[in-house]
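Okay, so here's the structure we're looking at.
Nothing here was measured: the structure is a model prediction, and the numbers come from that model. Each chain gets a letter, A, B and so on, in the order the sequences are listed, and its residues count up from 1.
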Amino acid sequence: MQSVSVASLESNILLRILSNSFQTLDSIKDRISHIFADFFSSKPFHIHLIRTRYGYMDDTKTSSIRNQCELSENDNRRKPSDGDKGDCSVAVFNVLDAMLKDTLDRLKTMRQSISWDHIGSKRCAFETKYNRDVTIIRALCLEGKLGVALSLWHMMIQRSVIPDIITHNYLIKGFCKSGELDKAEWLVGEMLIKGPSPNCATYNTLIKGYCLLNNIDRALNLFSTMTNSGITPNRITCNIIVHALCKKGLVEDARKLLEKILGDTHLKDTSNLITSTILMDASFKNGDINQAFTYWEEIFHRSLPVDAVAYNVVIHGFCLSRDIVIAYKYVCEMLKIGFHPDIFSYNILIGTLCKEGWIDEACYIYTVMSKMGVFPDQITYKMIIQGLCFHGNVMKAYEFLCDMLDDSILPEPLIWNVIIDGYGRCGNMQKALSIRDQMIAVGVLPNTFTYNALIHAQIKCGNIFEAHSLKKEMLLSGPFPDLVTYNLLMGAACNLGYINSVLQLYDEMIRGGYYPDIITCTELIKCYCIQGKLEQAEDLLVKLQTLSLQVDHVPYRILMKKYCKMRELDKAFEIYQKWLVRNS
DNA sequence: GCCTCATCGA
């Protein structure tokens, strides 16, 4: 059945191509006949047209067309004047006829090659379709187009064709990555019913899916399920679980569990580079450098083949403990034993240098990596641009943004936003707005952070009206304002003494379903102080203390200042004592 | 062939 449907489909396509060819031929010839009407009014030409149009069913007829064409060609050559036009049109017809003949030949060959009852060709067609379908499913899964992938899976199942285990694992991985664990589990259920039976990789994928969702209990549960179903967990299963526990900071639990698993499952290799790397990374991140170093030495002691990832973990580990000199030492060691520092190694160094404020050094590493043939990525640029903006060098940050565009890397919104914010902070409103426009022009949509940066900039420049217009724009066409948007506007209104505006904004914010934070409440306390409603201000402060909000010194200072201004020093001291109690 | 480790984050 497979080969029959493929054959008829291909044959239909060819017939359609052929039919289109005739239509095209007709239209070309009609046009030519119109242009060269003077030269093509003779009877043989019309016969030629008629034959060309209808005489296409067999080779005899095609050859008659060819003969006719040659005849007309000869006829035209005999024309006494304007021979060029005649030659040209004949040549066109010759080409068109050759195309027609070629199409007919291809159809004939195709039909001959299709043997309707040949079993070998049936199998071949079936395999071709099967391979095509599973390849498409896998590709769709990698692209995250799971709905279409699953539809194709359904279509195969309906034809009683079962995709292989690997294709099923691709689908499960896709669902796990998109957090649709219910669908992933359903598919495993289908595999248990229809086949193929889930293998170790299937369970590993599912276990990792649950670990990514932080559901380690279910992951461990699946670990038992696979063991009970007779599938022995492998080293990868262990590493997935160890990694998940380490990410939660439970290094010791991970190690104990690993020992237990290794004891129970009799895994031959008692040590493994990836397991050691995971444990070493977690120890560094927990601040336990000694333990991390023990894992590192163990790798060499057991003669495990070390890789670039392990080196990057060590480099990052020492960067975390702000020991950049030792980190550099390991970069050199890495080079010495033949591993080239990769994008991770360079990004780790650049990130650390930027955090430490050594921006020039970070920029130097940026030039080194490019010379070493490692090209900066979105993360490299993000760290350098953020570092430069944070240290006030927005101009240079913008140059890096231009470099990104030159390198055809589309900067993500965060990068545009830190530059907009950078220009806003130094009061360059015009540049901030022009960067926003450029961002839109290259196809990156402004988000809430973009608007907040612009609102902040407008407020800083004293353009409170423009700041409000931006918020209106957000409400009308999105992105929606957030708590920061309201806090910025409330703060500005409060500083200008526009009490009604503060209260209006607060009201709008509450109606919008936002929960006020410590900044909102501080602005309200400031507002009550300006109005002289000190009782309300103190009530709010008491309320703040009962809530689990992180209250800083600012609201206390505002109230103290107000009482001092009113020369009510006893009250001011009372507030000061409250603050001391709070901080004791 | 499918499943394991490392960098960034207003």
Heavy atoms under 4.0 Å, any strand shown: does V313(A) hit a base, just sugar-phosphate, or nothing?
sugar-phosphate
Whole angstroms only, please: what is the CG-C1' distance between L171(A) and dC3(B)?
15 Å
Give one of base, sugar-phosphate or nothing for I240(A), where a contact means two heavy atoms less than 4.0 Å apart.
sugar-phosphate
Please check if the number of heavy atoms outside K194(A) that lie under 6.0 Å from its NZ is greater than 12.
yes
Looking only at dG1(B), dT7(B), dC3(B), the nucleotide nearest the R138(A) side chain is dG1(B)
By nearest atom, which of the nucleotides dC5(B), dG9(B), dC2(B) is closest to the I274(A) side chain?
dC5(B)
Heavy atoms under 4.0 Å, any strand shown: does F344(A) hit a base, just sugar-phosphate, or nothing?
base
Rounded to whole Å, how long is the line connecting atom OH of Y381(A) with atom C1' of dG9(B)?
19 Å
Just checking Y366(A) against Y381(A), ring centres under 6.0 Å apart?
yes
Touch class at under 4.0 angstrom, heavy-atom based, for N452(A) against every strand present
nothing
Between dC8(B), dA6(B), dA10(B), which one does the side chain of D281(A) approach most closely?
dA6(B)
Measuring to OP1 and OP2 of dC5(B), would you say a side-chain N or O of K208(A) lies under 4.0 angstrom away?
yes
Please determine, for the side chain of N239(A), which listed nucleotide (dA10(B), dT7(B), dT4(B)) has the closest atom?
dT4(B)
Roughly how many Å is it from NE2 in H340(A) to C1' in dA6(B), rounded to a whole number?
19 Å
At under 4.0 Å between heavy atoms, what does N199(A) touch on the DNA or RNA strands: base, sugar-phosphate, or nothing?
base
Can you see whether S434(A) engages D437(A) through a side-chain donor-acceptor pair at a distance of less than 3.5 angstrom?
no
Minimum-distance nucleotide (side-chain atoms of N417(A) versus dC2(B), dA10(B), dA6(B)):
dA10(B)
Check whether any side-chain nitrogen or oxygen of K177(A) sits under 4.0 Å from OP1 or OP2 of dC2(B), and answer yes or no.
no
Taking the minimum atom-to-atom distance to the side chain of D342(A), which one of dC3(B), dT7(B), dA6(B) wins?
dA6(B)
The side chain of K355(A) lies closest to which of these nucleotides: dC3(B), dC5(B), dC8(B)?
dC8(B)
E523(A)/K526(A) ion pair, N-O < 4.0 Å
yes
In whole angstrom, give the distance that lies between atom CG of D377(A) and atom C1' of dC8(B).
9 Å
Is any side-chain heavy atom of M226(A) less than 4.5 Å from a side-chain heavy atom of T202(A)?
no
Taking only the side-chain nitrogens and oxygens of H316(A), find out if one of them lies under 4.0 Å from OP1 or OP2 of dC5(B).
no
For L273(A) and dA6(B), what is the distance between atoms CG and C1' respectively, to the nearest whole Å?
12 Å
Could you tell me how far apart L388(A) (CG) and dC8(B) (C1') are, to the nearest whole angstrom?
15 Å
Would you classify Q386(A) as touching base, sugar-phosphate or nothing, given that sugar-phosphate means primed atoms plus P, OP1 and OP2, and contacts are heavy atoms under 4.0 Å?
sugar-phosphate
Side chain of V309(A) only, heavy atoms from C-beta on: which candidate in dC2(B), dG9(B), dA6(B) is closest?
dA6(B)
Which label fits W296(A) and F300(A): parallel for a plane angle under 30°, tilted from 30 to 60°, or perpendicular past 60°?
perpendicular
For the pair made of CG in L212(A) and C1' in dT4(B), what is the distance, rounded to whole Å?
12 Å
Using atom OH of Y330(A) as one end and atom P of dA6(B) as the other, report the distance to the nearest whole Å.
20 Å
